[in-house]
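Side chains included, hydrogens not; waters and symmetry mates left out as well; all remaining heavy atoms used. Quick caveat: nothing in here was measured; it's all calculated off a predicted structure. Start at 1 and go down the list; that is how both ligands and their atoms are numbered.
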Amino acid sequence: MRPLTILGIETSCDETAAAVLRLDQAGPHVLSDIVLGQAAQHAPYKGVVPEIAARAHVEGLDGVIAAAMRDAGLGYGDLDGVAATAGPGLIGGVMVGLLAGKAIALAHDKPLIAVNHLEGHALSPRLSPGGATFPYLLLLVSGGHCQFISVLDVGVYRRLGSTLDDALGEAFDKLAKLLDLGFPGGPLVEKTAQNGDSKRFALPRPLLGRDGCDFSFAGLKTACAREVERLGPLTEQDKADLCASFQAAVCDIVEDRTRNAMRMFDGVWGAKGRLVAAGGVASNQAIRSLLKALGEERGYDFTAPPLRWCTDNAAMIALAGAERLRLGFSDDLSFPARPRWPLDDEAARLRPSHKPGRKGAKA
Ligand code: KG4
Ligand code: ZN
């Protein structure tokens, strides 16, 4: 194959990111990878404020793209295409990045690839040298999404189950807010849990033991809120114990749901072998260890991207763009910004005729 060099742009939530990636016969090579976080702007509000996020992308994106091009040592003329997240996400931010991508594509006469953010996460485990080969069972757990997906090939995704209410990252963030731990919440809950007693609070494990691999976290969140109300003013130990008990409940739920998802994956695709976690919550060490142990027990290899590619980044968007361009797909400059965009739709757009029963594993 002809090597493809792609600029990726990511602005769907609270990271302003740009990266340059080259995809050749040997696989992807990340030539530059810049992420400008917005935690300081959102921290006073203890959560992401969409309007602030959109403005921060406007202020930061030009500099981030320039830095990515400079680090890669390339000019726009060296690119084969420009990939920008076109959704799903906070619409103001998505519009900023997509429009920047369109402008660069137009000015330099390059193809635009409008990337589904979830496809970026789904392919992110392939960014590392020797990364996940197809097919794999993906647990995608981020601030906005929580689902199991059969990833069979580029553009061939089947959702096996998803959350009925909150995303897992959202549940971590809400607990952090409840305990006034700071922002972003997930890593702070994980850190606080280290000094806690995971058995002190008997928290519910919604859907545990039920068929399928859907998730539900609303009941767990409410139970935490009730404990906080019952305890009154919280000591540091109360907070640590609550975080540890919450994380233990989450691990039990994830383990139970993953067991079922593995059965479904084996049953439909006959392609046992690889479990992959991606998205911000996949950087949680307790969850990573339980998935690794479960993989060993069930004969699955477990992989997760390095931490910087679990959370939002543009390298994964550039990779999704490069893979799609390699297949001959690019998008019109009129492509809309989509606040909602399920990954199954993406699969239908790219590979409408793919049917269950395929067993071949393409690298
Ligand atoms: O993938 P991501 O950066 O953005 C979305 O697409 O949502 O994920 C961010 C989410 C946040 O909810 C954050 O609290 C959570 O991932 N997160 C974690 C950890 N690191 C990030 N949750 C639990 N443990 C962590 N170590
Ligand atoms: Zn994300």
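- Among protein heavy atoms, atom 12 (O) of ligand 1 sits closest to Asp173 OD2, 2.7 Å.
- The backbone and the side chain of Pro187 each have at least one atom closer than 4.0 Å to an atom of ligand 1 (non-hydrogen atoms only).
- A cation-pi contact links Arg126 to Phe134, judged by a cut-off of 6.0 Å to the six-membered ring centre and 45° from its axis.
- Assignment of Cys310 to the shell around ligand 1 is supported, since a heavy atom sits closer than 4.0 Å.
- In terms of protein heavy-atom proximity, atom 24 (N) of ligand 1 is closest to Asn284 ND2, 3.1 Å.
- For atom 15 (C) of ligand 1, the candidate residues are Leu90, Leu168, Val281, Leu175; the nearest heavy-atom contact is made by Val281.
- Considering Gly47, Gly89, Gly143, Gly37 only, the shortest heavy-atom separation from atom 7 (O) of ligand 1 involves Gly143.
- The nearest protein atom to atom 21 (C) of ligand 1, hydrogens excluded, is given as Gly280 O, 3.4 Å; this is a heavy-atom distance.
- Put simply, the side chain of Asn313 gets close to the backbone of Thr311: a donor and an acceptor are under 3.5 Å apart.
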Distance-only check: which donor-acceptor pairs under 3.5 Å involve side-chain atoms of residues 203-215, not counting sequence neighbours?
| from | atom 1 | to | atom 2 | distance (Å) |
| --- | --- | --- | --- | --- |
| Arg205 | NE | Asp252 | OD2 | 2.8 |
| Arg205 | NH1 | Leu203 | O | 2.7 |
| Arg205 | NH2 | Asp252 | OD2 | 3.1 |
| Asp214 | OD1 | Ser162 | N | 2.8 |

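- Distances below 4.0 Å separate heavy atoms of Thr311 from the following atoms of ligand 1: 3 (O).
- Of the protein's non-hydrogen atoms, the one nearest atom 2 (P) of ligand 1 is Asp312 OD1, 3.4 Å.
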Show the numbers, then the answer: is there a side chain to side chain donor-acceptor pair (under 3.5 Å) between Asn284 and Gln247?
CA-CA 10 Å; Asn284 183 287; Gln247 204 169 260; 3.1 Å; yes
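- The N/O atoms of Pro184, backbone and side chain alike, include none that comes under 3.5 Å of an N/O atom in ligand 1.
- Among all non-hydrogen protein atoms, the one lying nearest atom 26 (N) of ligand 1 is Glu190 OE1, 2.7 Å.
- Using a cutoff of 4.0 Å between basic side-chain nitrogens and carboxylate oxygens, Glu227 and Arg230 are scored as salt-bridged.
- In this structure, Lys102 contributes its side chain and Phe335 its backbone to a donor-acceptor pair below 3.5 Å.
- Numbered from 1 in the order shown, with element, the atoms of ligand 1 that lie under 4.0 Å from a heavy atom of Gly169 read 12 (O).
- For atom 20 (N) of ligand 1, the closest non-hydrogen atom of the protein is Ser283 OG, 3.2 Å.
- The pair Lys221-Asp165 does not count as a salt bridge, with every side-chain nitrogen at least 4.0 angstrom from each carboxylate oxygen.
- Residue-environment remark: CE (Met69) exceeds the threshold of 12 foreign heavy atoms within 6.0 Å.
- Note on ligand 1: Gln285 sits outside its first shell, no heavy atom being nearer than 4.0 Å.
- At a heavy-atom cutoff of 4.0 Å, ligand 1 is contacted by the side chain of His117 but not by its backbone.
- Using a cut-off of 4.0 Å between Lys/Arg side-chain N and Asp/Glu carboxylate O, Glu59 and Arg55 are scored as not salt-bridged.
- The backbone N or O of Leu242 lies less than 3.5 Å from no partner atom in the side chain of Ser245, so there is not a single donor-acceptor pair.
- Those atoms of ligand 1 with a heavy atom of Gly144 less than 4.0 angstrom away are 7 (O).
- Scanning all protein heavy atoms for the shortest distance to atom 22 (N) of ligand 1 gives Gly186 CA, 3.4 Å.
- Heavy atoms of Ser12 found under 4.0 angstrom from ligand 1: none, in either backbone or side chain.
- Here the angle at the Zn ion (ligand 2) defined by OD1 in Asp312 and NE2 in His121 stands at 100°, rounded to 10 degrees.
- Looking at Lys239, its side chain does come within 3.5 Å of a backbone N or O of Leu179 through a donor-acceptor pair.
- Under 2.8 Å from the Zn ion (ligand 2) lies an N/O/S atom of His117, whether from backbone or side chain.
- Contact annotation for His121 and ligand 1: only side-chain heavy atoms (C-beta onward) come within less than 4.0 Å of the ligand.
- Phe183 shares a hydrophobic cluster with Val48, Leu90; the chain of contacts runs through ILVMFWY side chains whose heavy atoms sit under 4.5 Å apart.
- Aromatic rings from Phe172 and Phe246 are positioned such that their centres are separated by under 6.0 Å.
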